[in-house]
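This report concerns only the one structure given below.
All ligand and atom numbering here is 1-based and tracks the order in the structure. The residues of the chain are indexed from 1 along the displayed sequence.
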Amino acid sequence: MSIAVLIPAAGSGTRFGGEIPKQFLPLAGRPLLLHTVERFLLDENVARVVVAVAEPLLASVKQTPGDRVSFVAGGATRQQSVMRALEAAGEDVEIIAVHDAVRPFFRTSTFAAIVALAREHGAALPAVPLTDTIHMVGDDFTIQQTLDRSVLAAAQTPQVFRAPILRDILDRAMREGIEGTDEVSLAVRYGYTVKVVVGDRTNIKITNAEDMEIAESWLKETAE
Ligand code: CTP
Ligand code: MG
């Protein structure tokens with residue numbers, strides 16, 4: 001089995017703030033992005049990892065021929081960055097995973113379960129049941145409606161697809177000018193079956209500055 005992993009890492013981290021985008025900040029002394037990439041390289045079924053970085057940074061990354069990791073220029077949106085990485089993924093891979101650069105804590109065992117489901121059904125993702133009650137909030141900051149939490153789940157990555165399905169949904173979305181915040185929303189839109197694996201609560205997306213503090217403290221705990 002051959003798997004390609006696409007890692008969009010071309011965002012600017014506006015919610016996180018600061019000069020350097022969050023994916024390049026040190027976490028336990030090494031760039032956050034490196035933690036994420038290395039975790040995928042532990043899996044021998046992963047033939048290739050393609051990382052999309054902001055165009056100006058491309059000149060400063062080292063591309064080693066024959067290496068499993070390569071870099072491409074990302075785009076203005078996450079979806080465009082994924083599209084650019086997909087173009088470099090190669091035609092020979094059977095399965096393609098898309099994973100946020102800023103989720104360094106995904107479990108390799110969960111990834112294997114998602115891959116198995118995607119092989120069988122076409123597409124799969126990790127998602128976690130919601131524990132908070134979810135309200136719809138109006139522009140005037142009053143609650144409009146309370147949603148039924150029991151039917152909702154929060155999507156995580158890695159989201160995994162049979163390669164032709166990922167190519168199809170991204171092509172169609174680009175042609176139609178549809179921008180999704182993840183790939184599964186596109187797969188659902190175009191009628192594909194997507195299976196869910198119960199995700200790990202520790203697979204956080206580092207979004208705000210306090211998420212980095214949480215990440216640091218977890219790594220400290222495991223080092224002790
Ligand atoms: N991403 C990307 N290209 C973009 C925008 C986002 O590759 N044009 C990537 C980010 O680098 C990140 C992932 O998509 O790995 C998830 O996005 P998010 O957490 O929203 O990161 P940012 O877009 O950088 O942050 P913000 O939305 O706060 O600006
Ligand atoms: Mg963003």
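- Distance check: Arg84 CZ to Leu6 CG gives 14.0 Å after rounding to the nearest 0.5 Å.
- Within the structure, the closest approach of Gly74 to ligand 1 does not fall below 4.0 Å when heavy atoms are considered.
- Close contacts of ligand 1 with Ala76, meaning ligand atoms under 4.0 Å from a residue heavy atom, involve 8 (N).
- Applying the salt bridge (charged side-chain N to carboxylate O under 4.0 Å, His left out) definition to pairs two or more places apart or across chains, those involving residues 41-64 are Arg48-Asp92.
- With respect to Asp200 and Arg107, a salt bridge is recorded, a charged nitrogen being found less than 4.0 Å from a carboxylate O.
- Of all protein heavy atoms, the one closest to atom 3 (N) of ligand 1 is Ser81 OG, 2.8 Å.
- Of all atoms in ligand 1, listed by their number and element, those nearer than 4.0 Å to a heavy atom of Ser12 are 24 (O).
- No part of Gln80 comes within 4.0 Å of ligand 1, judged by heavy-atom distances.
- In this pair, Phe106 and Phe40 present their aromatic rings parallel. The plane angle is below 30°, not in the 30 to 60° band.
- One N or O on the side chain of His99 and one on the backbone of Arg103 form a donor-acceptor pair closer than 3.5 Å.
- Taking distance alone, with nitrogen or oxygen atoms compared against 3.5 Å, Phe16 stays at or beyond that limit from ligand 1.
- Of the listed options Lys205, Gln23, Arg15, Arg15 places a heavy atom closest to atom 28 (O) of ligand 1.
- Distances from ligand 1 to the non-hydrogen atoms of Lys22 include at least one value under 4.0 Å.
- The closest approach between a heavy atom of Thr207 and any atom of ligand 1 is not below 4.0 Å.
- Counting only heavy atoms of the protein, atom 25 (O) of ligand 1 lies nearest to Gly13 CA, 3.4 Å.
- Distance from atom 13 (C) of ligand 1 to its nearest protein heavy atom, with residue and atom name: Asp100 OD1, 3.6 Å.
- Listed by atom number, the atoms of ligand 1 under 4.0 Å from Ala101 heavy atoms are 15 (O).
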